[in-house]
Amino acid sequence: MTLADVINVLEAAYPPGRAESWDAVGLVCGDPAQSVRRVLFAVDPVPVVAEEALDWGADLIVTHHPLYLRGTTSVAATTYKGRLIHDLIRNDVALYTAHTNADVANPGVSDALARAVGLVGDLVSLQPFPDDPWRGLGRIGELARTMTLGEFAEQALAGLPTTSWGLRVAGDQSRPVRRVAVSGGSGDSLLGTARAADVDVFLTADLRHHPASEFVETGGPALVDAAHWATEWPWLDSAASILSSSGVNVETRVSATVTDAWTRGY
Ligand SMILES: [Zn+2]
């Protein structure tokens with residue numbers, strides 16, 4: 001298989017044209033003509049993931065987060081990112097990113113997150129595209145039964161990969177919850193949308209004190225704030241499965257290395 005064959009499958013599932021205008025998705029390094037046998041999926045393009053790829057003999061790393069997002073004038077090995085790019089190119093390892101185009105896809109990042117935290121049945125987009133209601137940011141779904149906010153938090157914690165500090169919850173722990181909104185990654189911008197969607201709880205990552213406090217104090221849904229990496233990691237399996245079942249003959253692996261920025265909670 002060539003890298004171009006793999007990219008065709010990924011771009012059918014995660015059309016680059018659906019990425020946000022500020023985003024940088026697609027091929028970061030690699031030659032579309034090079035052959036690909038092993039593909040490693042990871043959230044972050046960081047040195048520990050590159051090492052894992054080299055150790056396993058991967059030909060391609062597919063990450064959720066972009067390596068370069070802003071204008072770049074040097075990939076010299078004297079820089080942090082340049083070092084990583086050098087290590088990859090020297091070892092014939094390609095790097096490909098599916099970021100906001102994977103967030104809005106169906107199935108995308110938030111579908112995998114929704115299933116991981118126990119949402120069952122149909123999922124609908126929290127912020128659907130006007131021209132495509134089946135795609136968009138976030139998902140809304142229901143739990144199998146009504147439970148307390150505390151029980152939901154325990155269930156979500158068990159369903160997500162383990163990180164140094166687990167979850168934070170805002171709201172009355174005994175509050176009954178059933179209708180849930182989720183959004184993988186930083187979900188601050190969706191607080192208003194979650195409130196308007198009349199859900200019982202909104203689970204996302206990277207929430208800040210002031211918006212979260214005001215949201216809960218003014219009668220909004222309860223909030224669950226998880227580790228950024230943990231909310232996006234469930235998608236890796238989904239993306240790997242799409243590639244495996246596409247007929248492209250490659251071996252896939254999902255990196256279990258925790259690359260969340262926060263490495264210890266006290
Ligand atoms: Zn993210």
Side-chain angles (χ1 to χ4, degrees), residues 10 13-16 18-28 40-50 52-53 61-70 80-81 84 95-117 123 125-127 129 135-139 156-157 159-168 180-191 193-194 202-208 211-212 223-240 242 254-263 265:
L10 293 172
Y14 311 115
R18 285 297 195 182
E20 298 280 352
S21 57
W22 51 262
D23 204 2
V25 302
L27 194 60
V28 182
L40 180 70
F41 289 80
V43 173
D44 294 297
V46 291
V48 67
V49 167
E52 189 179 342
I61 308 173
V62 176
T63 63
H64 183 49
H65 291 144
L67 179 64
Y68 290 103
L69 199 53
R70 298 196 172 81
Y80 164 74
K81 293 183 181 184
L84 196 142
L95 175 63
Y96 180 92
T97 298
H99 190 212
T100 52
N101 50 330
D103 287 332
V104 298
N106 186 0
V109 173
S110 291
D111 293 284
L113 172 60
R115 297 308 182 203
V117 301
L123 300 171
S125 181
L126 174 59
Q127 188 172 275
F129 285 130
R135 293 180 176 78
L137 285 176
R139 292 291 182 271
L157 186 64
L160 292 174
T162 303
T163 50
S164 63
W165 54 267
L167 301 173
R168 300 184 295 186
V180 180
V182 301
S183 185
S186 308
D188 249 5
S189 66
L190 291 169
L191 283 173
T193 313
F202 177 39
L203 181 149
T204 186
D206 294 346
L207 292 176
R208 292 170 297 146
L223 295 172
V224 178
D225 185 75
H228 188 126
W229 173 87
T231 63
E232 296 175 333
W233 186 83
W235 168 74
L236 303 178
D237 252 337
S238 158
I242 285 172
V254 168
S255 172
T257 308
V258 180
T259 56
D260 197 62
W262 311 112
T263 51

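Both ligands and their constituent atoms are indexed starting at 1 by order of listing.
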Subject >> His228 near the Zn ion (ligand 1) via N/O/S, less than 2.8 Å >> reply: yes
**OP:** Please tell me if the side chains of Thr97 and Asp23 come closer than 4.5 Å, counting only heavy atoms from C-beta onward.
**Re:** no
Original post:
Which heavy atom of Ser255 sits nearest a heavy atom of Val49, and at what distance?
Top reply: OG-CG2, 4.5 Å
Original post:
Is His64 close enough to the Zn ion (ligand 1) to have an N, O or S atom under 2.8 Å?
Top reply: no
Subject >> Minimum side-chain heavy-atom gap Asp225-Trp165 below 4.5 Å >> reply: yes
**OP:** Please report the C-alpha distance between Thr100 and Trp22 in whole Å, then the side-chain angles of each, then the deciding distance to 0.1 Å, and finally whether the side-chain contact (heavy atoms from CB on, under 4.5 Å) criterion is met.
**Re:** CA-CA 10 Å; Thr100 52; Trp22 51 262; 3.6 Å; yes
Original post:
Taking the Zn ion (ligand 1) as the vertex, what is the angle from NE2 of His65 to OE1 of Glu232, given to 10 degrees?
Top reply: 80°
